[in-house]
Amino acid sequence: MFLHSQTGLEGEEAAARYMISKGYHLIERNWRFKHLETDLIMSRLGLLVFIEVKTLSHEGQSDPLIHVNKDKVVHLLNAAHAYMRTNQLDAPVRFDIISVIKDGNCYKVNHYPDAFDMFDKSSSTYVTG
């Protein structure tokens with residue numbers, strides 16, 4: 001279990017560094033409220049971005065995006081709503097997914113901005129092609 005948790009934390013760190021390099025500011029990491037959680041909350045130019053990070057330990061595993069299903073989407077939407085309400089915020093929001101594949105000490109980062117627009121409502125996985 002520790003290795004899984006460590007890989008996830010490393011992936012979140014790689015995702016945060018990637019977003020910071022693109023001009024985003026880190027607001028929260030692993031924000032929790034009751035049973036809700038979001039991996040990263042970033043901001044840029046007044047836009048709040050809620051990010052789900054999926055990390056795999058090597059390229060040979062399945063695409064990390066297949067691990068984001070309708071339940072995860074609903075969970076992230078509810079977490080964002082709770083965050084906005086708890087902090088009394090009224091700002092535009094976006095939902096992104098970042099997949100991170102760890103290969104030794106290197107990380108391959110794929111960013112899917114506005115990821116929920118890619119979600120096929122009739123399917124339980126994201127459409128990537």
Side-chain angles (χ1 to χ4, degrees):
M1 182 67 176
F2 174 74
L3 180 60
H4 176 73
S5 299
Q6 187 64 31
T7 300
L9 291 174
E10 290 173 9
E12 289 171 6
E13 179 62 28
R17 283 195 314 265
Y18 171 83
M19 293 299 284
I20 290 167
S21 78
K22 299 296 182 189
Y24 290 82
H25 301 279
L26 179 62
I27 304 299
E28 299 275 355
R29 185 185 307 245
N30 295 312
W31 181 82
R32 295 182 193 285
F33 180 77
K34 298 182 181 178
H35 68 281
L36 301 170
E37 185 257 341
T38 184
D39 295 328
L40 299 172
I41 303 173
M42 311 286 289
S43 70
R44 183 171 170 216
L45 303 173
L47 176 71
L48 280 178
V49 183
F50 293 84
I51 303 171
E52 175 68 18
V53 179
K54 290 296 177 187
T55 307
L56 295 178
S57 58
H58 58 82
E59 188 98 37
Q61 292 180 316
S62 60
D63 185 337
L65 286 183
I66 69 168
H67 301 284
V68 181
N69 58 27
K70 287 181 184 180
D71 290 340
K72 190 57 155 174
V73 170
V74 169
H75 184 85
L76 190 57
L77 289 169
N78 288 336
H81 181 72
Y83 181 82
M84 300 292 284
R85 187 179 61 244
T86 300
N87 292 286
Q88 299 178 344
L89 297 174
D90 183 22
V93 299
R94 188 177 79 203
F95 298 92
D96 294 3
I97 297 173
I98 295 181
S99 70
V100 178
I101 299 173
K102 182 180 179 185
D103 186 13
N105 291 327
C106 298
Y107 298 92
K108 179 181 175 185
V109 176
N110 293 307
H111 180 209
Y112 302 89
D114 270 330
F116 293 177
D117 287 344
M118 296 184 335
F119 196 69
D120 178 350
K121 303 291 190 246
S122 65
S123 173
S124 61
T125 58
Y126 280 85
V127 178
T128 59

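FYI, side chains are in, hydrogens and waters are out, and symmetry mates aren't considered; it's all heavy atoms of this structure.
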From [X] atom [atom1] to [Y] atom [atom2], the distance as rounded to the nearest 0.5 Å:
X	Y	atom1	atom2	answer
Thr55	Ile98	OG1	CD1	9.5 Å
Ile41	Asn87	CD1	CG	8.0 Å
Glu37	Trp31	CD	CH2	10.0 Å

hydrophobic_cluster_shared for Leu45 and Leu26, side chain cutoff 4.5 Å: no

- prompt: Does Arg17 have any side chain to side chain contact (heavy atoms under 4.5 Å, CB included) partners at least two apart in sequence or in another chain, and if so, which?
  reply: Glu13, Ala14, Tyr107

field: All side chain to side chain contact (heavy atoms under 4.5 Å, CB included) counterparts of Lys72, not counting sequence neighbours
entry: Glu52, Lys54, Val68, Asn69, His75

message: Go through it in stages, so that I can follow the logic: the residues are Arg44 and Val49, the test is side chain to side chain contact (heavy atoms under 4.5 Å, CB included), and I'd like the CA-CA distance, side-chain angles, deciding distance and then a yes or no.
response: CA-CA 8 Å; Arg44 183 171 170 216; Val49 183; 5.9 Å; no

On a heavy-atom basis, which atom in [X] and which in [Y] lie closest, and how many Å separate them?
X	Y	value
Ile51	Thr38	O-OG1, 3.7 Å
Pro92	Gly46	CD-O, 3.6 Å
Met42	Ile27	C-CG1, 4.0 Å
Asp96	Pro113	OD1-CA, 3.3 Å

query: Does the distance from a Lys or Arg side-chain N to an Asp or Glu carboxylate O, for Arg29 and Glu12, drop under 4.0 Å?
result: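 Result for this pair is no, no salt bridge flagged.
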
- request: Tell me, with the steps shown, if Asp39 and Asn30 meet side chain to side chain contact (heavy atoms under 4.5 Å, CB included).
  value: CA-CA 4 Å; Asp39 295 328; Asn30 295 312; 3.9 Å; yes

Tell me which donor-acceptor pairs under 3.5 Å the side chains of residues 77-84 have, and how far apart each pair is, sequence neighbours excluded?
unit_1	atom_1	unit_2	atom_2	d
Asn78	ND2	Val74	O	3.4
His81	NE2	Arg85	NH1	3.1

